[in-house]
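Atoms within a ligand are numbered from 1 in the order they appear, just like the ligands themselves.
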Amino acid sequence: MATNERWRLKITGIVQGVGFRPCVYSLAVRHRLGGFVLNDSSGVTIEIEGRAEALKAFAHDLRTSPPPLAHIETFDVEPIALLGNSGGVEFSIQASEPRAGESTPISPDIATCGPCLREMNDPADRRYRYPFLNCTDCGPRFTIIRDIPYDRPFTTMAGFKMCAECEREYHDPLNRRFHAQPNACPKCGPQLSFSPGGQIGEAALAEAKQMLAAGNIVAIKGLGGFHLACDATCDAALAELRRRKGRVDKPFALMARDLEMVRRFAHVNDEEARLLESRQRPIVLLRAKDPALPSPLVAPGNLYLGFFLPYSPLHHLLLDDKPLVMTSGNRSDEPIARDNHEALERLATLTDGFLLHNRDIHVVCDDSVVRVLDGREFPVRRSRGYAPMPVHLPSAGPRVLATGGELKATLCLTREDHAYMSQHIGDMENLETLGAFERAFEHLRALFRAEPERVVCDLHPGYLSTRWARDFAAAHGLPLKQAQHHHAHIASLMAENGLDGNEPVIGVSFDGTGYGTDGAIWGGELLLADYRSFRRLGHLKYIPLPGGDASVKRPYRMALAHLTAAGLPLSPDLPCIQAVPDAERQVLDRQLATGFNCVPTSSMGRVFDAAASILGLRHTVTYEAQGAMELEAVADPACRDGYAFEVESAEDGQTIFNPAPVWRKMVADLKSRTALSTIAARFHRAVAALIVASCKSAREQTGVSTVALSGGVFQNVLLLQWAREGLLHHGFHVMTHQLAPPNDGGLALGQAAIGRCLE
Ligand code: ZN
Ligand code: ZN
Ligand code: FE
């Protein structure tokens with residue numbers, strides 16, 4: 001006679017809030033096994049009892065076909081003692097067991113699933129047109145969880161008491177809403193309301209849609225914060241939104257009803273379509289078919305449109321036959337608004353009405369932004385749908401808090417071999433953003449029980465994130481380490497590639513800005529780096545940055561600085577010279593001649609600015625990297641030839657990249673009326689060729705043949721492609737970003753990797 005065995009299974013990963021227990025339940029019933037399953041603070045624990053073959057089959061099935069949103073990291077099985085004469089086949093789901101000191105990954109917010117949408121569109125269903133339906137496969141997670149384990153009392157759904165029908169679904173292991181924590185229906189769940197009219201439910205929705213159709217701006221409360229929305233085909237509404245937001249020409253994101261509507265306005269390849277329809281639902285940057293559509297005011301001067309598809313039931317109900325602009329509900333650079341009260345106050349002057357609801361958002365989470373490079377996802381902003389999925393580090397280490405940079409701020413907390421990157425927080429230049437930063441930190445700390453043992457920040461003494469890190473470390477008696485900005489960019493790419501740091505890489509860190517160890521502003525760096533340290537093998541020639549930050553907003557200043565440094569005449573027929581206001585010209589000439597109030601910079605971002613101005617494309621910018629984006633947009637991708645940087649050796653053995661010959665040829669091409677698309681392409685070719693040439697000499701010097709391409713300049717996909725092709729052609733192993741952004745949004749991950757290595 002076959003004897004029974006009892007096994008204990010411990011499973012970690014994303015296994016809570018994803019329908020794992022119901023899946024275990026139905027498997028156990030199918031294999032006629034007794035026992036129980038429960039969520040604890042480290043994942044899921046299962047005890048099963050039955051004949052050995054059935055136990056084996058159960059474990060095999062669970063491992064090979066877990067629920068769709070689950071992500072199993074470890075799967076441990078151990079035989080344990082039988083519980084007396086337990087011949088029964090009862091299987092049960094037990095209450096959660098919070099335990100101190102343990103943690104489990106939490107699912108990001110997930111777009112509405114197919115079965116939920118079908119219910120929402122079915123007039124016979126009790127959730128017909130209900131904007132808050134969800135199930136174990138979809139809905140809010142990260143933004144409503146206050147604490148772990150992931151159970152309703154620890155979410156912002158705690159205040160909604162389920163009706164009898166919802167309660168029944170919630171407790172039925174075979175129902176697809178079994179333990180769906182945000183489970184709700186029109187009878188018992190959150191409701192829409194409109195302000196100022198006071199409409200509720202369907203009437204509130206109708207009012208919002210009518211206002212949008214009439215060309216108004218409406219603030220809409222979503223999953224992770226507020227959006228400001230308007231009809232994307234209505235020029236007047238867009239102009240008004242730009243005026244109120246103080247946003248001159250930074251592109252707006254567009255939400256379309258479906259893929260078909262996106263294809264009316266933009267080219268969409270297979271990978272882009274997959275990303276648009278993925279459950280993360282990021283904004284995908286797509287090549288516009290006609291830059292004047294849906295309105296020339298959506299993304300002026302830009303060939304790309306950022307599209308995303310509806311990701312909450314409310315979005316599906318809002319979208320009709322026209323795309324909507326859906327931009328973050330904030331003033332420029334402030335964090336996105338979170339609760340109703342705050343939104344009504346802060347967004348009052350920006351909007352004509354508010355479509356609100358009464359489910360609280362515990363932490364805000366802005367939309368994510370991606371591009372596609374060589375058929376692969378390339379992150380620009382990692383936030384909703386991705387945070388707080390951990391990045392896997394190659395080994396366990398101390399718990400580190402990394403506070404990131406200043407622009408596009410994120411933070412990172414590590415625990416064991418997981419790095420938890422926060423959602424996008426915003427530009428850390430004001431107290432509102434600092435508040436959002438602290439909130440994001442407290443949230444991650446609570447969810448992952450990650451009490452930091454060390455703190456890492458940027459080297460820049462003036463960053464708010466540096467000062468905050470200093471205060472935090474002092475208050476908690478923790479060691480503080482400052483990581484050089486471009487070293488951190490390279491380390492972030494090493495970390496997402498799972499490198500253990502025992503072998504150094506050649507890091508090309510081409511960036512806008514970053515504080516150097518010599519007090520200069522770096523950004524055109526060739527480094528030999530591991531996590532512990534880095535050596536500067538080469539860099540762009542230092543050029544004076546007149547007036548510091550003021551030059552970042554005014555690329556014509558960089559054009560003048562570069563032309564002057566290259567010894568080229570500042571001929572009055574050059575567009576960049578004509579762009580200098582008369583009053584500023586004398587001051588600039590004096591500054592450049594004497595170096596007064598100039599900071600030396602090796603920034604590659606500023607080289608792109610200078611090029612954009614010399615070409616007459618862009619003399620002043622209203623958002624970061626605007627000149628570089630426009631330069632990329634006009635460049636002819638079919639152009640094969642390019643200019644060349646001069647490569648010089650300095651006394652200390654470093655290589656200096658001098659752009660003077662690039663400017664000389666560029667000005668000559670401009671004077672001979674060469675097409676701008678050719679000049680812009682030749683410029684990109686020059687930078688790509690510089691990368692290949694300098695990596696070749698670095699390889700000869702060091703024997704290292706792995707290259708990491710990181711830093712904000714590599715958001716330029718044309719440059720990245722050309723550099724990558726050239727490097728691959730010369731036998732390099734090339735790393736580019738797939739998980740963390742190349743810009744400062746990825747910095748905290750690199751800082752954390754650096755911080756873990758220091759004794
Ligand atoms: Zn669903
Ligand atoms: Zn209900
Ligand atoms: Fe940077």
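Note on Glu202 versus Arg129: salt bridge recorded, some NZ/NE/NH1/NH2 to OD/OE distance being below 4.0 Å.
No other N/O/S atom of Asp744 lies as close to the Fe ion (ligand 3) as OD1 does. In Asp511, the N, O or S atom that comes nearest to the Fe ion (ligand 3) is OD2. Nearest N/O/S atom of His485 relative to the Fe ion (ligand 3): this is NE2.
The Zn ion (ligand 1) forms the vertex of an angle spanning SG of Cys113 and SG of Cys135; to the nearest 10 degrees it equals 100°. Rounded to 10 degrees, the SG-metal-SG angle spanning Cys163 and Cys185 at the Zn ion (ligand 2) equals 100°. Centred on the Zn ion (ligand 1), the angle running from Cys116 (SG) to Cys138 (SG) is recorded as 100°, rounding to 10°.
Note: Phe132 and His357 meet the aromatic proximity criterion, with ring centroids under 6.0 Å apart. You'll find the ring centres of Phe608 and His684 inside the 6.0 Å limit.
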CA sep, side-chain torsions, deciding dist, call: Arg177, Glu119, salt bridge (charged side-chain N to carboxylate O under 4.0 Å, His left out)
CA-CA 13 Å; Arg177 293 201 168 85; Glu119 285 180 4; 2.7 Å; yes
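Taking His539 as the reference, Tyr542 meet the ring-ring contact (aromatic ring centres under 6.0 Å, His included) condition, with sequence neighbours excluded.
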